[in-house]
Every structure is written in C-alpha cells, then in structure tokens.
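Accompanying notes for the structure given below.
Please read all numbers here as calculations on a predicted model, not as lab measurements. Counting starts at 1 for both ligands and their atoms, following the listed order.
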Amino acid sequence: MTLCCGADVGATATKVVLVDETSAVMARVVMPSGIDYAATAEACLVSALAQASAAREQLAATVATGYGRYQVKFAQSVQTEIHCHGLGCFHLVQRPVTVVDIGGQDNKVITIGADGRRVHFKMNRKCAAGTGAFLEEIALRLGLPPSELERLASGAGEAVRLSSFCTVFAKTEILSHLARGVPVTEIIRGAFHSVVARIVEMDPLEGEVVMTGGVVAHNPTVAAILAERIGRPVAIAPDPQFVGALGAALVAWQNARQSDGGAPDAGRSL
Ligand code: ADP
C-alpha cells in the first residue's frame with residue numbers, strides 16, 4: 001500500500017492524515033502543537049504510521065500546511081491553509097460550497113465554485129475574536145476546561161449579549177454578568193454568539209455553508225447558532241478538525257502522480 005501524508009501544523013493543534021491511492025483516509029492523529037512544531041509533527045507521523053500499520057518507506061509524498069508548515073522536516077513541499085481547507089472540503093462534499101473554518105488562532109471563509117476552484121476567501125489572523133483562542137480565554141475566566149463549554153451551552157437557553165468581539169472587553173463584561181448572577185450556561189452561549197457574529201461580520205456567507213476546524217469539532221452548537229443567524233442550514237464537515245490535513249494529503253497525491261509522469265487528479269484540484 002502506498003500512502004500520502006498531509007501535516008497541518010496549526011498554532012494550537014497539529015493534525016496528520018494518511019491517505020491511500022483511492023483517497024481513503026487510513027489514519028488521522030491530532031496532538032497539541034506545543035512549542036516544538038517539528039517534534040510534534042514527527043510524533044504525529046509516527047503515531048499515524050502505527051495506526052495504519054504502515055512503514056515510513058510506504059509514503060510517496062508529504063505536504064505540510066498550517067501556521068507551522070515550514071517546520072515539518074519530512075514534508076517535500078508546503079501549501080497554504082486556504083488551498084488545503086478548500087480542497088479537503090470540496091473533496092468531501094463535491095459541490096460548490098462556502099467553507100467556514102474556525103481554528104485555534106484564526107478563522108477563514110473560503111468559497112469554492114462548481115469546478116472545485118476557489119472563488120474568494122477571507123482570513124482573520126490578527127486577533128483572537130471569533131477563534132478558538134477567544135473561547136479558551138472565556139473558559140479560563142469561568143474556571144472551566146474548554147472541553148466543558150459544549151455540554152454547558154448545548155441545552156436550549158438564553159444567551160447573554162456580549163457587546164464586543166474583543167477578548168479583553170468580553171472578559172470584563174463576563175465578570176459583570178457573573179456579579180449579577182447570570183447563569184454560566186447563558187454566558188457560554190453568549191460567547192458562542194460572539195464567535196458567530198465575528199464570522200458573519202467577515203463575509204456574507206453565500207450558498208451552502210460547511211464548517212471545519214477544531215472549534216466546531218468540539219462545539220457543534222456554534223454551527224447551530226450560525227444556522228439560526230443566517231436562516232439556513234449549516235453543515236459540519238466529517239472529521240472537521242482534519243479537513244486541512246486531508247487537503248494537504250490530496251495535494252501530496254497530486255504531486256506524487258505528477259512526479260511519476262501521470263496526469264494530476266484534475267477533478268479534485270483547486
Ligand atoms: P489550529 O489549526 O489553528 O491549531 P484547530 O482547527 O485544530 O486549530 O482548532 C483548535 C481549537 O479547537 C482550540 O482553540 C479549541 O477551541 C478547540 N479544541 C481543541 N480540542 C478541544 C477540546 N478537547 N475541547 C474543546 N475544544 C477543543
């Protein structure tokens with residue numbers, strides 16, 4: 001079995017996906033990126049190879065993406081996150097789609113046309129508003145692990161209105177809500193609404209919307225709130241945190257086939 005590897009080194013989490021010749025996913029691994037991106041990517045690869053019962057020699061190509069992509073020593077090339085998320089999501093849905101990716105430190109909106117090509121994109125990497133980092137800060141302020149947010153927010157209920165996307169102002173506002181005895185569940189839903197408000201402010205989100213990234217992987221209520229907000233269904237991609245790594249693995253296959261002299265998989269290229 002020949003495999004290709006996609007390594008998505010995010011500012012928060014590193015994801016590695018191994019894909020076979022038929023584009024089937026044979027392994028997926030996620031680890032906190034930590035401070036040594038090269039070592040984390042290597043640890044993810046070792047674990048992914050074990051999951052697939054494969055040897056390193058079976059890898060035909062590796063493409064790295066994400067914030068720390070230049071640190072992946074075993075990658076032969078790099079590709080942007082915009083390209084990889086768009087390609088990975090189009091591969092999964094095979095339709096024109098607007099991808100909303102919410103990561104640990106950034107968020108992006110990518111529109112893909114019927115031919116799989118990117119029509120436009122917007123990306124925010126300048127501030128924590130509307131990202132996983134915002135939710136992590138709120139969880140810290142509430143004395144909760146981030147993994148508790150979804151359970152507390154998912155029941156139907158009211159949401160407090162946070163008047164600013166800004167993490168610093170939101171944290172101050174939360175203190176005053178706590179002082180007034182507002183239930184924590186309403187504060188967390190308010191934080192989810194704030195993430196959604198930031199996304200909607202970034203882009204009009206035309207067409208079918210599919211969400212990716214670690215935030216919706218762990219907090220699907222964020223997608224439900226976005227659906228309410230835009231008045232249309234919002235889907236969550238399968239294995240949403242791995243869509244960028246999947247896209248990178250598909251680019252690796254395109255590269256491997258091209259260097260073999262075969263035609264690239266044009267139907268799936270962006
Ligand atoms: P990046 O690629 O920018 O590193 P990801 O798309 O991997 O980001 O998403 C990371 C985000 O996912 C974190 O900031 C956090 O909000 C969320 N997340 C990751 N793991 C968990 C968890 N166990 N519980 C709750 N949220 C999580």
Side-chain angles (χ1 to χ4, degrees), residues 6-17 28-38 40-41 43-44 48 63-72 78-89 92 99-110 121 123-154 165 167 170-171 188-189 191-196 198-199 210-223 225-226 236-249:
D8 177 6
V9 183
T12 306
T14 295
K15 286 76 61 177
V16 162
V17 164
R28 56 175 81 80
V29 173
V30 57
M31 292 184 186
S33 294
I35 54 168
D36 187 343
Y37 294 166
T40 305
C44 284
V63 167
T65 188
Y67 185 69
R69 58 187 175 271
Y70 294 103
Q71 301 306 318
V72 181
V78 293
Q79 186 52 263
T80 65
E81 294 146 87
I82 299 290
H83 185 87
C84 292
H85 274 87
L87 181 61
C89 200
L92 292 168
V99 186
V100 175
D101 177 73
I102 310 181
Q105 307 280 337
D106 65 30
N107 49 38
K108 25 194 180 287
V109 176
I110 310 157
F121 77 91
M123 183 165 183
N124 157 43
R125 179 168 275 163
K126 292 215 174 75
C127 95
T131 72
F134 174 81
L135 294 179
E136 286 176 52
E137 286 288 332
I138 301 301
L140 196 67
R141 171 58 88 206
L142 295 173
L144 294 166
S147 53
E148 277 294 287
L149 296 181
E150 173 65 18
R151 186 179 67 75
L152 292 166
S154 58
F165 307 133
T167 315
K171 277 164 61 180
I188 298 169
R189 280 186 79 85
F192 283 10
H193 275 272
S194 167
V195 168
V196 163
R198 179 72 186 97
I199 299 290
V210 176
M211 297 192 80
T212 65
V215 166
V216 291
H218 294 276
N219 307 283
T221 295
V222 170
I225 291 173
L226 178 60
I236 298 177
D239 300 309
Q241 199 171 7
F242 292 93
V243 173
L246 172 65

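Applying the 4.0 Å criterion to heavy atoms of Pro146 picks out, from ligand 1, the atoms 25 (C). Heavy-atom contacts of Gln241 reach the following atoms of ligand 1: 5 (P), 7 (O), 9 (O) (cutoff under 4.0 Å). Close approach of ligand 1 to Glu136 is summarised as follows: ligand atoms under 4.0 Å from at least one heavy atom of the residue are 13 (C), 14 (O), 15 (C), 16 (O). Remark: ligand 1 atoms within the under-4.0 Å shell around heavy atoms of Val215 are 12 (O), 16 (O).
Going from atom CG of Leu149 over to atom OG1 of Thr221 covers 10.5 Å, rounded to the nearest 0.5 Å. With values rounded to the nearest 0.5 angstrom, Lys108 atom NZ is found 7.0 Å from Thr212 atom OG1.
Formation of a donor-acceptor pair under 3.5 Å by the Thr14 side chain with backbone atoms of Ala41 is not found in this model. Proximity of a side-chain donor or acceptor of Thr131 to a complementary backbone N or O of Gln105 within less than 3.5 Å is not detected. Not a single donor-acceptor pair under 3.5 Å links the side chain of Arg28 to the backbone N or O of Val17. Side chain of Asn107 to backbone of Val109: no donor-acceptor contact under 3.5 angstrom is found. Side-chain atoms of Arg69 come within 3.5 Å of backbone N or O of Gly66 as a donor-acceptor pair.
Nearest to atom 3 (O) of ligand 1 among the protein's heavy atoms is Gly104 N, 2.9 Å. Protein heavy atom closest to atom 17 (C) of ligand 1, with residue, atom name and distance, is Gly214 O, 3.7 Å. Nearest protein heavy-atom contact of atom 24 (N) of ligand 1 is Ser147 CA, 3.4 Å. Of all protein heavy atoms, the one closest to atom 25 (C) of ligand 1 is His218 CB, 3.4 Å.
Counting only non-hydrogen atoms, the option in Pro240, Gly132, Ala13, Gly10 that gets closest to atom 16 (O) of ligand 1 is Gly132.
Here the side chains of Glu81 and Asp101 are not in contact, with every heavy-atom distance at 4.5 Å or above. Looking only at side-chain heavy atoms (C-beta outward), Arg198 and Phe134 stay at 4.5 Å or farther from each other.
For Leu135, no heavy-atom contact with ligand 1 is shorter than 4.0 Å. At a 4.0 Å heavy-atom cut-off, ligand 1 touches Ala11 through the backbone alone.
Polar contact with ligand 1: absent for Gly213 (N/O pair, distance under 3.5 Å). Some N or O of Lys15 is nearer than 3.5 Å to an N or O of ligand 1, by distance alone. For the pair Asp106 and ligand 1, the shortest N or O to N or O distance does not fall below 3.5 Å.
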